[in-house]
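Chain naming here is simple, since letters A, B, ... match the order of the sequence lines and numbering starts at 1 in each.
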2 protein chains.
Amino acid sequence: MERFNVLVCDDDPAIVDALEIYLKHENYGVIKAYSGTQALQALAQHEIHLILLDVMMPEMDGLAATIKIREERNIPIIIISAKSEDTDKIAGLNFGADDYVSKPFNPLELMARVKSQMRRYTALGSIALKNGVLKSGGLELDREARELRVDGEIIRLTPTEYGIVVFLMENLGHVFSTAQIYEQVWNEPSYAAENTVAVHIRRIREKIEINPGEPKYLKVVWGIGYKIDKY
Amino acid sequence: MERFNVLVCDDDPAIVDALEIYLKHENYGVIKAYSGTQALQALAQHEIHLILLDVMMPEMDGLAATIKIREERNIPIIIISAKSEDTDKIAGLNFGADDYVSKPFNPLELMARVKSQMRRYTALGSIALKNGVLKSGGLELDREARELRVDGEIIRLTPTEYGIVVFLMENLGHVFSTAQIYEQVWNEPSYAAENTVAVHIRRIREKIEINPGEPKYLKVVWGIGYKIDKY
DNA sequence: CCTGATTCTTAATAAAGCTTTAAGATTTTC
DNA sequence: GAAAATCTTAAAGCTTTATTAAGAATCAGG
């Protein structure tokens, strides 16, 4: 199995070191940087697969430069935000980061998000139209407007349902176990509840399928998991 | 899609460069200036859609520049203030600035405000009639006259209510969380108060809806926020 | 600067909508 | 046919939004 490298960038060495321990425990390679400039250097020298980045660093230009790199290479970035109040803002912003956690963070949660991004990064299989619209057959997902249309008709989805659909649409044709879906959508490190994903799948099917008992879009692969096919 | 140009004006080149990178990441064109005089020059030479302006500059300070700019053109201006005191804020807004952030600022927050102003300026997602009138179904918002009409009848709104309606009308069809609404309308960096937006929403509904319990215009999206739909 | 009116916020409670749990039914595979 | 996996349903539990009212803050006119 390939080994993935994570670039950790924070001006506080204590945080960087702590993250290093967690990441190494999960068998990631760790490259450390304490400023934007150092991060840039590291990106040029090493093969980096993911970046953990503190938003609030003294030298903003360094941080900005790091993001500039991302324009060229589409590496997943997880933002670490100092204030928990910022989370909404960052989420609401179409800033370009892939995920965020707020300080102080739960290391397990952070690890879960790292894993999520890694999977997302390594399992891309979707057809992106303009404006972040994903399409497959009669399904059309507009992530910007947060809308799903089935044969042109807008379908009202709850937050969890929407999360599941986004995840599967972002990875068309790829099969995910209930555990994987749970971890991704709920952003939890592990899947404890036995049946909850199944129930949500059922509800989604009721909303998007003509015959929920014989799904056309949201299919099961027996013994493996669920998927939405590339049309 | 049209490309918008932002004029960045600050006497500190590091800040200008950093902002440039952020803005370019959001696909804005960037024109740089390092003094008020240069800013005015740039305005004459380029097509500018928004200005980011530092208050404290040599030669001509931001406020003076704001007045000059306002004399000629009605471009959105965001003031960047070194002091967090209210004096600057009030002065800036009185002299015609549309928004302000204080240094040191969170780049993400600044980007959010830039986007917000851009939306305001272009009213993307809404149907802009002449004279800055926005319309959706029976709702008609005349920003110049500061009037909202529902089916032709003028509705009296308090300042806060009006602010919320303007914000939602300028972003028809887009859902905003209560936190986002608060931050935008109140111009505060974070949303502490638990329930105040909900109360205002309620009162707006009482004024604009036939049946406030079953709103036709100001709709809720469960778990996400509020919106006014494109008609 | 008072004073009264308007507007805004806070808080508490109610209602609505969503998620999870659990338990039995059904389907698939071997 | 038996075991394992998935499906289905309903109800309990939880979160979000709605509603109301009262007190605080703000504003305009004297």
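Side chain of B:Y226, nearest nucleotide from C:dT20, D:dA18, C:dT9: D:dA18. Candidate nucleotides C:dT29, D:dT8, D:dA18 were compared by shortest atom distance to the side chain of A:W222, and C:dT29 ranks first.
Residue B:H200 places none of its side-chain N or O atoms closer than 4.0 Å to OP1 or OP2 of C:dT7. Within the 4.0 Å cut-off from OP1 or OP2 of C:dT9, at least one side-chain nitrogen or oxygen of B:T196 is found. Close to C:dT19, at under 4.0 Å from its OP1 or OP2, lies a side-chain N or O of A:T158. A:T160 has a side-chain polar atom (N or O) that falls below the 4.0 Å cut-off from OP1 or OP2 of C:dT19. For the OP1/OP2 pair of C:dT9 and a distance below 4.0 Å, the side-chain nitrogens and oxygens of B:W186 include at least one atom meeting the criterion. The side chain of B:R202 places no N or O atom within less than 4.0 Å of a non-bridging phosphate oxygen (OP1 or OP2) of D:dT17.
Look at B:R146 and B:E144 and you find no salt bridge, because none of the NZ, NE, NH1 or NH2 atoms lies under 4.0 Å from a carboxylate O.
Considering CD1 of B:I164 and CD of B:Q184, their distance stands at 12.0 Å, rounded to 0.5 Å. Atom CG of B:D229 and atom OG of B:S136 lie 7.0 Å apart (nearest 0.5 Å). Going from atom OH of A:Y226 over to atom CD1 of A:I204 covers 10.0 Å, rounded to the nearest 0.5 Å.
Within the 6.0 Å centre-distance limit, the rings of B:F176 and B:F167 are counted as a close aromatic pair.
Mapping A:P212 and B:T178 onto DNA chain D by nearest heavy atom places A:P212 at the nucleotide closer to the 5' end. Place A:V199 and B:P159 on DNA chain C by their nearest nucleotides, and B:P159 ends up nearer the 5' end.
Within 4.0 Å (heavy atoms only), A:Y162 reaches no atom of the nucleic acid at all. As judged by a 4.0 angstrom heavy-atom cut-off over every strand, B:R205 is placed among residues touching the sugar-phosphate backbone only. At the heavy-atom level, B:R156 lies under 4.0 Å from the strands shown only through sugar-phosphate atoms.
C:dG17 atom P lies 14 Å from atom CD of A:E161, rounded to whole Å. Atom CG of B:N211 is separated from atom P of D:dA18 by 13 Å (rounded to the nearest Å). Protein atom NZ of A:K207 is 9 Å distant from nucleotide atom C1' of C:dC18, rounded to whole Å. Going from atom CD1 of B:I224 over to atom C1' of C:dC18 covers 12 Å, rounded to whole Å. Counting to the nearest Å, the P atom of D:dA18 and the CD atom of B:E206 are 13 Å from each other. The interatomic distance linking A:L157 (CG) with C:dC18 (P) rounds to 10 Å, in whole Å. Per the geometry, CZ belonging to B:F176 stands 15 Å off P belonging to D:dT17, to the nearest Å. Between the CD1 atom of B:I201 and the P atom of C:dT10 there is a distance of 16 Å, given to the nearest Å.
Between the B:D142 side chain and the B:A145 main chain, a donor and an acceptor come within less than 3.5 Å of each other. Put simply, the side chain of B:E209 never gets that close to the backbone of B:E206: no donor and acceptor are under 3.5 Å apart.
Over its length, the helix from C:dC1-D:dG30 to C:dC30-D:dG1 turns its helix axis by 40°, as judged from the five terminal pairs at each end, rounded to 10°.
Smallest separation of non-hydrogen atoms from A:Q180 and A:V175: OE1-O, 4.2 Å.
Contact of A:N195 with C:dT19 (side chain to base): no donor-acceptor pair of N or O atoms is detected under 3.5 Å.
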